[in-house]
Amino acid sequence: MKKIVIAFLIMICILSMFISYKIYATNGRNVLESDTTGKLVEIKEKSLKELDDYVEAYGDDTYGLTAYILNKIRFISIPLCFLGISISAIFQYALGIRNMGTRYKGFFAMIAFVTILIVCQVLPFIFVVVVKFGRS
């Protein structure tokens with residue numbers, strides 16, 4: 001009796017998955033496409049406006065584009081470098097207990113990620129100082 005009830009419930013679950021997928025595939029695709037397209041256009045317009053602000057602030061297309069890219073790199077480098085530092089700390093302190101090669105690999109990776117983080121955070125500041133005050 002239990003096996004029949006369980007088999008019946010499994011069949012109902014499988015049928016409901018197929019039915020809900022067909023309903024979503026027909027109705028949800030149009031809603032998803034229009035919603036995603038609207039958000040992508042909104043993100044693109046926001047990025048272009050921000051790029052235009054940089055070009056206006058620096059007075060040149062090349063300098064404005066460079067400042068925009070350096071600013072984006074500055075924000076993206078923080079989580080990526082912290083992720084790399086934590087993975088290299090795992091290599092150095094957890095996996096490197098038994099093997100010195102793994103310990104050194106983690107140590108050198110940590111030094112590299114800290115260096116990349118510092119360079120990515122300082123480079124936009126140096127660019128602003130050189131371009132704003134060095135050009136005039």
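Heads up: numbering here begins at 1 and tracks the sequence.
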Please list, one pair per line, the donor and acceptor atoms closer than 3.5 Å that link side chains of residues 97-109 to other protein atoms, with sequence neighbours excluded.
{"from": "N99", "atom 1": "OD1", "to": "G101", "atom 2": "N", "distance (Å)": "3.2"}
{"from": "N99", "atom 1": "ND2", "to": "T102", "atom 2": "OG1", "distance (Å)": "3.4"}

Honestly curious: do I78 and L83 fall in one hydrophobic cluster under the side-chain, below-4.5 Å linking rule? no

Student check: side-chain heavy atoms of D53 and K49 closer than 4.5 Å: yes

Here the pair of heavy atoms bringing I85 nearest to M110 is O-CE, 4.1 Å

Any chain of hydrophobic side-chain contacts (each under 4.5 Å) joining F82 to Y93? yes

To the nearest 0.5 angstrom, please state how far the CG atom of N71 sits from the OG1 atom of T66. 12.5 Å

For the residue pair R74 and L123, establish whether any side-chain heavy-atom pair is separated by less than 4.5 Å. no

Exercise: identify the closest heavy-atom pair between S77 and L117: O-CD1, 4.0 Å

Check for me, please, whether V114 and V122 land in the same ILVMFWY cluster - side-chain distances under 4.5 Å, paths through other members count. yes

Other residues, nucleotides, ligands: >12 heavy atoms within 6.0 Å of Y68 OH: yes

For the CD1 atom on I4, are there more than 12 heavy atoms of other groups (residues, nucleotides or ligands in this structure) within a distance under 6.0 Å? no

L51 side chain near L65 side chain, heavy-atom distance below 4.5 Å: yes

To the nearest 0.5 Å, what is the distance between CD1 (I116) and CD1 (I73)? 11.5 Å

Quick one: pull up OG in S86 and CZ in F91 and give me the separation to the nearest 0.5 Å. 11.5 Å

In this structure, SG of C81 is separated from CD of Q121 (nearest 0.5 Å) by 8.0 Å

Please determine whether residues I118 and V130 belong to a single hydrophobic cluster, defined as Ile, Leu, Val, Met, Phe, Trp and Tyr linked transitively by side-chain heavy-atom distances below 4.5 Å. yes

Contacts of F127 meeting ring pair (Phe, Tyr, Trp, His ring centres under 6.0 Å) (sequence neighbours excluded), chain-then-number -> Y58

